[in-house]
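As structure tokens, the structure follows; a few thoughts come after it.
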Amino acid sequence: MKQIKSKPVSVKQKASKDKSKTQDALHFGNGGELHQTAGGSHPPLTTNQGLPLADNQNSLKATPRGPTLLEDFILREKITHFDHERIPERIVHARGTGVHGYFELTHSLERYTRARILTELGVKTPLFARFSTVAGGSGSSDTPRDVRGFAVKFYTKEGNWDLVGNNIPVFFIQDAIKFPDLIHAVKMEPDRGFPQAATAHDTFWDYMSLTPEAMHMVMWIMSDRTIPRSLRMMEGFGIHSFRLLNDDGESTFVKFHWRPKLGLQSTVWDEAVKIAGADPDFHRRDMFESIAAGNFPEWEFAVQLFTQEQADQFPFDHLDPTKLIPEEWAPLQVIGRMVLDRWPDNFFAETEQVAFCPSHVVPGIDFSNDPLLQGRLFSYLDTQLSRLGSPNFHQLPINAPKCPFANQQRDGQMQMQVPKGRVSYDPSSLAADSARETPRSGFVSAAVNDHGDKEQNKGRLRPASFADHYSQARQFYSSQTQFEQTHIASALAFELSKVDTLHVRAAMVGHLRHIDADLAQRVADALALEKLPPAPPSAVPVQNFKPSPALRTIGKMKPSLDGRTVAILVADGSDGATITSIAQAVRAAGATVKIVAPKVGGAKLADGTLLSADGQLSGTPSVMFDAVALVLSREGAETLSQDAAAVDFVRDAYGHLKAIAFDRGAEALLDQAHVQKGAGVVKTSAKAAFLTAAKTRQWEREKTLRMLA
Ligand code: HDE
């Protein structure tokens, strides 16, 4: 092998000095100037110390073919930074999507609170919202059956207020001390490392079956709430009771609610499963695309307000986070709106580093004694210290208040500020500008005496008022439509069928007997249990509360195509005029249109024009859309009838209860997919019927399709 005798200290220098030798020591750098962006003016690429780099492509070597020299501080700096790029993912809610936006108050709560964000009408308070799944890791898919986190950081004039909620108004457990066990049970089983992002396994249901207080939440997680169509179509809840405090120190209890302007919508289970394969980023992409298109998602912000006296009348304890207050008992008052209008510039710096803590409140908002909330007040600060590695996490741009903040806390890892002066303590008299308490406007806790006979009751106790674990579960189930009840029964049958331990299956069915006899029987039949297992003892009699329609999902979907997406399946020979007319009608109704074709380059229409496609058929199945139109020539449909991707496209749209429009040519494909014409399956010429059907799902069709439990 030919050796280069002279020491190639800098290959580039050598190459430029002696062109004849460049074959031995070529410089493969990008050469900066070679990849200038048209019209761009690029700043010099530097190390983190500001040293301009001549070569970012080749490490420093003793000879062109190595070894690499330890001296290469540029390589070491770059690789070391890279090696430390990851921070621990969140223990729960690791998979998340964050968006910037603003909150605007439309109705003042000044009678109840002195919080400026809840009293100053029309002010736009910037915020950052992060939606998440709970169980899966940060790289897991968006659509498992799971609770969704709904966390909002309001950057108010009086400090940051974090409302860290979920898309379900109740929680599994009544006491924070149970949380690590709950999460260990739902996460991947420790000996085998699976399943990822799934409740359908033994440890989760073992824990559930031994935790009767979770039964209300079990009803919610088995309902379609846990398979949302879009993050933009979810309700949000603060869950716990909080307190509002006014200038007179009077306290009112409050529960916080978010209601999506687009209405509440879920997928069907088979659809959610298939979306996970077709597009694991389905929800994140959906949010990204709607923000990019200027379709800014919006939620109403509402409160339920109640006094201690009213709370005393409820047949349950509002401090118990496994209970909700039905809207029929304490109506929701809409007081503002949240609009999400800006995608983060950088996923890591913002969505990953954002640190929510339920303890971040503002003057005029305070906590209740909910034992779960009380535990959370400790946990989140602690977790930020371990995730972000420093008590200065509040200085990261995404976490820093947008109002002035100052105190005498000092130093610590990654201190970004340069505090001035001698005074780092309080009280002090040496500096004229040191930060001081503001007794009149600062935060004060509610002055309430609701501890009862503390000495006598002190201990690891659960109040008797927390003892009813089944009545609200029963109310939730009885409030659902027949279709939703079927979905709950089927979800339970699916989940418990993945549980190998027979006594766990039986124990769960036993609990269901307290909730609804028919539900218990359906699940027992679906699991082929020979006889109904006994119901466990209930500490108190189960009550029959009146059904609350507000607890349903079906019926809360807005009869609108706003924010929805309709696919038009085309192929060579499709009729351009039909495509245009359907596309125009769909767009006019507020939806986005996507063209799907066998080849992503597009299809040659009957008149010879090329229509480019947004998606290629096999990679863009119908699960990604709210409704589909099939515009095909007879030959096109016959060819596609031989293609499983096309047949599944139609069959799945039908199976997922979606509207289908078809032109004459497309009928061969409908036949091949065994799709019945009729409700929701209409000709492309019947545009109005198609649009009406596309605004909902064809629930009646489901009875003919699936052997649900
Ligand atoms: Fe959380 N939870 N949680 N949680 N939670 C976290 O904080 C915890 C609970 C919720 O987008 C962690 O920063 C305990 C209820 C959301 O960044 C951690 C208890 C509700 C998010 C933590 C609960 C939530 C978290 C993990 C029982 C609905 C994601 C990383 C006492 C009201 C926020 C982190 C985001 C995140 C602890 C129960 C919602 C470990 C101990 C109830 C939306 O601190």
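One-based numbering, in listed order, for ligands and for the atoms of each. Note that the numbering runs from 1 along the sequence shown for the chain.
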Exercise for the section: Could you find the nearest protein heavy atom to atom 13 (O) of ligand 1 and give me its residue, atom name and distance? Expected result: Q384 NE2, 2.9 Å
Practice task
Verify whether one side chain among S390 and Q413 offers a donor that lies under 3.5 Å from an acceptor in the other.
Solution key: no
Exercise for the section: Answer with side chain, backbone, both or neither: which part of F237 has a heavy atom less than 4.0 angstrom from an atom of ligand 1? Expected result: neither
Handout entry: Ion pair E213/R462, N-O distance below 4.0 Å
Key = yes
Handout entry: Region of I239 that comes within reach of ligand 1 [heavy atoms, distance under 4.0 Å]
Key = side chain
Handout entry: Numbering as shown, the atoms of ligand 1 that approach G149 to under 4.0 Å (heavy-atom distance)
Key = 43 (C)
Exercise for the section: Taking only Lys NZ, Arg NE, NH1 and NH2, and the carboxylate oxygens of Asp or Glu, determine whether E484 and R225 approach each other closer than 4.0 Å. Expected result: no
Practice task
May I ask you to identify the nearest protein heavy atom to atom 33 (C) of ligand 1, giving residue, atom name and distance to one decimal place in Å?
Solution key: F356 CD1, 3.9 Å
Exercise for the section: May I ask you to test the Q174-H469 pair for a side-chain heavy-atom distance under 4.5 Å? Expected result: yes
Exercise for the section: Determine, considering heavy atoms only, which of L372, T383, L388 sits nearest to atom 42 (C) of ligand 1. Expected result: L372
Fill in the blank from the handout: min-distance protein heavy atom vs atom 8 (C) of ligand 1 -> F179 CE2, 3.3 Å
Fill in the blank from the handout: atom 43 (C) of ligand 1 sits nearest the protein heavy atom G165 O, 3.1 Å
Handout entry: Nitrogen or oxygen atoms of R387 and ligand 1 under 3.5 Å apart
Key = no
Exercise for the section: Would you tell me whether W258 and E235 have side-chain atoms, one donor and one acceptor, within less than 3.5 Å of each other? Expected result: no
Problem - pair F256-S241: side-chain heavy atoms closer than 4.5 Å - result: no
Exercise for the section: List the closest protein heavy-atom neighbour of atom 35 (C) of ligand 1: residue, atom name, distance to the nearest 0.1 Å. Expected result: R130 NH1, 3.2 Å
Handout entry: Contact check, P321 vs ligand 1, heavy-atom distance below 4.0 Å
Key = no
Fill in the blank from the handout: For atom 2 (N) of ligand 1, the closest protein heavy atom turns out to be Y380 OH, 2.8 Å
Exercise for the section: Check each atom of ligand 1 against the heavy atoms of F150 and keep those under 4.0 Å away; list them by number with element. Expected result: 43 (C)
Handout entry: Of the listed options Q353, K178, R376, closest to atom 32 (C) of ligand 1 (non-hydrogen atoms)
Key = R376
Handout entry: Parallel, tilted or perpendicular, as decided by the 30° and 60° cut-offs, for the rings of F316 and W329
Key = parallel
Practice task
Using the six-membered ring wherever Trp is involved, compare the ring planes of F242 and H240 and label them parallel, tilted or perpendicular (cut-offs 30° and 60°).
Solution key: perpendicular
Practice task
Answer yes or no for F131: is there a heavy-atom contact with ligand 1 below 4.0 Å?
Solution key: no
Practice task
Please work out whether the ring planes of W161 and F154 are parallel, tilted or perpendicular, with thresholds of 30° and 60°.
Solution key: parallel
Problem - Exceeds 12 heavy-atom contacts within 6.0 angstrom, atom CE of M188 - result: no
Problem - Shortest protein contact, atom 25 (C) of ligand 1 (heavy atom only) - result: H93 CD2, 3.2 Å
Practice task
Check each atom of ligand 1 against the heavy atoms of A176 and keep those under 4.0 Å away; list them by number with element.
Solution key: 31 (C)
Problem - Side-chain touch Q304/L324, heavy atoms, less than 4.5 angstrom - result: no
Handout entry: Which residue and heavy atom of the protein sit nearest atom 18 (C) of ligand 1, plus the separation
Key = S379 OG, 3.9 Å
